[in-house]
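Heavy-atom basis, side chains included; hydrogens, waters and symmetry copies ignored. By convention in this document, chain letters (A, B, ...) are assigned in the order of the sequence lines, proteins followed by strands, and residues within each chain are numbered from 1.
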Amino acid sequence: MTPRVRFAPSPTGNVHIGNIRAAIFNWLYARHEGGQFLLRVEDTDRERSTPEAIRTLLDVMAWLGLSYDEEPVYQSAQCARHMAAAEELVRQGHAFRENKEGKGECIVFRMPREGRVEYTDIVKGTIRKKAEDTQDFVIVRSDGNPVFHLANVIDDIDMRITHIIRGDDHVENTFKHIQIFRAMGVEPPQYAHLPMIVNAMGKPYSKRDGAAFVGEFRDQGFLPEALFNFLALLGWAPGEDREQMTRDEMVAMFTLDRCKSSAARFDIKKLTWMNGEYIRRLPPADFMAEFKARVKAGGYWREDLPPAERDGIAALVQPRTKFYSEIPGNCTYFFTEDYAFDARSVEKRLKPEGVPELLEAVVARFEALPAFDHATTEATLRAMGDERGVGLGGMVHPVRVAASGLSDGPGLFELLVLLGCPRACARLRRVVARLREGTL
RNA sequence: GCGCCUAUCGUCUAUCGGUUAGGACAUAGGGUUUUCAUCCCUAGAAGCGGGGUUCGACUCCCCGUAGGCGCGCCA
């Protein structure tokens, strides 16, 4: 029998990072085992389960590449089936009607009165509980609607789910669930409860800890591959010190018995590092697509940019980008003459005595150059640095700040060549003028 | 309160009774580079406490301690 697993979120408009991690583990397990990964939308809460919320859920799944194998099941459509099951349970004596607190008649499921209830969790081992520590629970509300436990189990039966991989917060529910399975005459599936993801304080990860929803990571410019890789490593380690892996590699190595059972802290620094790794390895065309979109959104994009210049800029920005939302903030000077000057850099590199004269001298030499390329610009500044006894650095720093407004970024000569001689010299001249006016 | 679960560097983790307890992120220092990023090198950094079992415990058992989860006519 091939394994069938499912991701069963309730669509609330945002998909929490902990939730999607469960989806990832289910997906990896299914793909590793050659089984099926199914999606069940638990949309019984009609208020929150709006079409937009469902849309968001599907978008997030697609973004992360969490492909599912059959048409999604919408739980709201299964209500009649749930009720029929409840009636059956009453008929069999596994459940009974009761009017608690005068709210009207509801259906209560009977838990065992003696002995113990236990199951073997693939990641946590055997978990057991004395029957006396369990309690009967409502499966159909007095308003006639099935409760989560009932709906969840009946749907899992109907979908022929073989392995339930979900968050740790469900371990207690599992005692209830396996009893419903048995009462329905169905052998319970295998369970694997994943550790929770917690924040830097070790508390449950929430909105207050920064990005908590998948959409926020996407907006900040994290790559789905990086987020997927990072999340897969929270509670799972393939061994052999493997960390950065392709999706195929993860699929090949994923097993539930290598999952840990203790909570994992979400370390945004490591995610950021990993994202930088993924961005650096991106094919230039892929980077360009996002680069262009971000620059455009920032209002800096110029359609008239020659392709060579455009590609050159992206090539310089790509290796320095850790996440996309750094764009275009870290490279506006490529697109506009009205770039911002970093105050500390100006103070350190442009304010010292003699800088205007130095920049003027650079302009004079640059404009006399027969060719304006990496070799000639570097040779020029190197020679000037030697003549003045300030070294190459003494030339590069002021020129960089004048030309870009910043003291860090791509190599100066790459930058100058991309700007071209006329534009670069105009920038230096403008800086000289502003320094003399005292307007910088 | 009751029940269940968990416990290795600051963080993610490896270790399935015998290791100088390994790797990665982060941090610090150094090298390369015109800066930044990258890259390379180096350093510091861990088995919660107490009992057992064993020739030998991070590893198995028990007791503490701490934390998490659950105890809804929420999901």
Of the nucleotides U35(B), A14(B), G3(B), which has the atom closest to the R258(A) side chain?
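Nearest listed nucleotide: A14(B).
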Given A37(B), U8(B), U6(B), identify the nucleotide with an atom nearest to the side chain of R320(A).
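Minimum distance to the R320(A) side chain belongs to A37(B).
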For nucleotides 43-50 of chain B, print each protein N/O atom paired with a nucleotide N/O atom at under 3.5 Å, atom names and distance only.
none

Euclidean distance, atom CG of residue L316(A) to atom P of U34(B) [Å, nearest integer]:
16 Å
Using whole Å, report how far CE of M201(A) lies from P of G10(B).
16 Å
Considering only NZ, NE, NH1 and NH2 on the basic side and carboxylate oxygens on the acidic side, decide whether [X] and [Y] come within less than 4.0 Å.
| X | Y | answer |
| --- | --- | --- |
| D386(A) | R382(A) | no |
| D155(A) | R40(A) | yes |
| E357(A) | R388(A) | no |

Given the [atom1] atoms of [N] and [M], what is the spacing between them in whole Å?
| N | M | atom1 | answer |
| --- | --- | --- | --- |
| C39(B) | C4(B) | P | 49 Å |
| G18(B) | G29(B) | P | 39 Å |
| U15(B) | U8(B) | C1' | 9 Å |
| G64(B) | C40(B) | C1' | 48 Å |
| C71(B) | G49(B) | C1' | 30 Å |

Looking only at non-hydrogen atoms, find the nearest pair between R365(A) and E387(A) and report the distance.
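Smallest interatomic distance, heavy atoms only, reads NH2-OE1, 2.6 Å.
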Would you name the heavy atoms of R427(A) and T336(A) that are closest together and state the gap between them?
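R427(A) and T336(A) have their closest heavy atoms at NH2-O, 3.2 Å.
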Could you run down nucleotides 61-75 of chain B 5' to 3' and tag each one B, S or - for protein heavy-atom contact under 4.0 Å?
------SSSSS-BSB
Using residues 11-22 of chain A as the side-chain source, report each donor-acceptor pair under 3.5 Å to any protein atom, sequence neighbours left out, with the distance given to one decimal.
unit_1, atom_1, unit_2, atom_2, d
T12(A), OG1, N14(A), O, 3.3
H16(A), ND1, G18(A), N, 3.0
H16(A), NE2, Y205(A), O, 3.0
R21(A), NH1, L234(A), O, 2.4
R21(A), NH2, P195(A), O, 2.2

Can you see whether D373(A) engages T376(A) through a side-chain donor-acceptor pair at a distance of less than 3.5 angstrom?
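Their side chains do contain a donor-acceptor pair, which is all the 3.5 Å distance test asks for.
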Set of residues satisfying ring-ring contact (aromatic ring centres under 6.0 Å, His included) with respect to F413(A), sequence neighbours excluded:
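With sequence neighbours excluded, F413(A) shows a ring-ring contact (aromatic ring centres under 6.0 Å, His included) to H374(A), given in chain and number order.
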Per nearest nucleotide of RNA chain B, the residue lying toward the 5' end, G239(A) or L412(A), is G239(A)
Assuming nearest nucleotide by heavy-atom distance, tell me which of K322(A) and R382(A) is located more 5' along RNA chain B.
R382(A)
Over all strands shown, is R265(A) touching base, sugar-phosphate only, or nothing at heavy-atom distances under 4.0 angstrom?
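Sugar-phosphate, backbone atoms only, no base.
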Reckon F413(A) touches a base, only the sugar-phosphate, or nothing at all at heavy-atom distances under 4.0 Å?
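Base contact - F413(A) has a heavy atom under 4.0 Å of at least one base atom.
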Quick one: does any side-chain atom of E249(A) pair with a main-chain N or O of T246(A) as donor and acceptor, under 3.5 Å?
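Answer holds: yes.
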Donor-acceptor pair, side chain of D121(A) and main chain of T126(A), under 3.5 angstrom
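No; judged by distance alone, with no hydrogens or angles, the pair does not exist.
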N/O donor-acceptor pairs under 3.5 Å from side chains in residues 325-335 of chain A, not counting sequence neighbours:
unit_1, atom_1, unit_2, atom_2, d
S325(A), OG, Q220(A), O, 2.9
E326(A), OE1, K322(A), N, 2.6
E326(A), OE1, F323(A), N, 3.3

Can you give me the N/O atom pairs linking the protein to nucleotides 18-25 of chain B at distances under 3.5 Å, or say none if there are none?
unit_1, atom_1, unit_2, atom_2, d
G22(B), N2, D241(A), OD1, 3.0
G23(B), O4', D241(A), OD2, 3.4
G23(B), N2, E243(A), OE2, 3.2
A24(B), O4', E243(A), OE1, 3.4
A24(B), O2', E243(A), OE1, 2.5
A24(B), O2', K270(A), NZ, 3.4
A24(B), N3, K270(A), NZ, 3.1
C25(B), O2', K270(A), N, 3.3

Let me see the working for H149(A) and N152(A) under side chain to side chain donor-acceptor pair (under 3.5 Å), right down to the final yes or no.
CA-CA 5 Å; H149(A) 303 295; N152(A) 197 265; over 6 Å; no
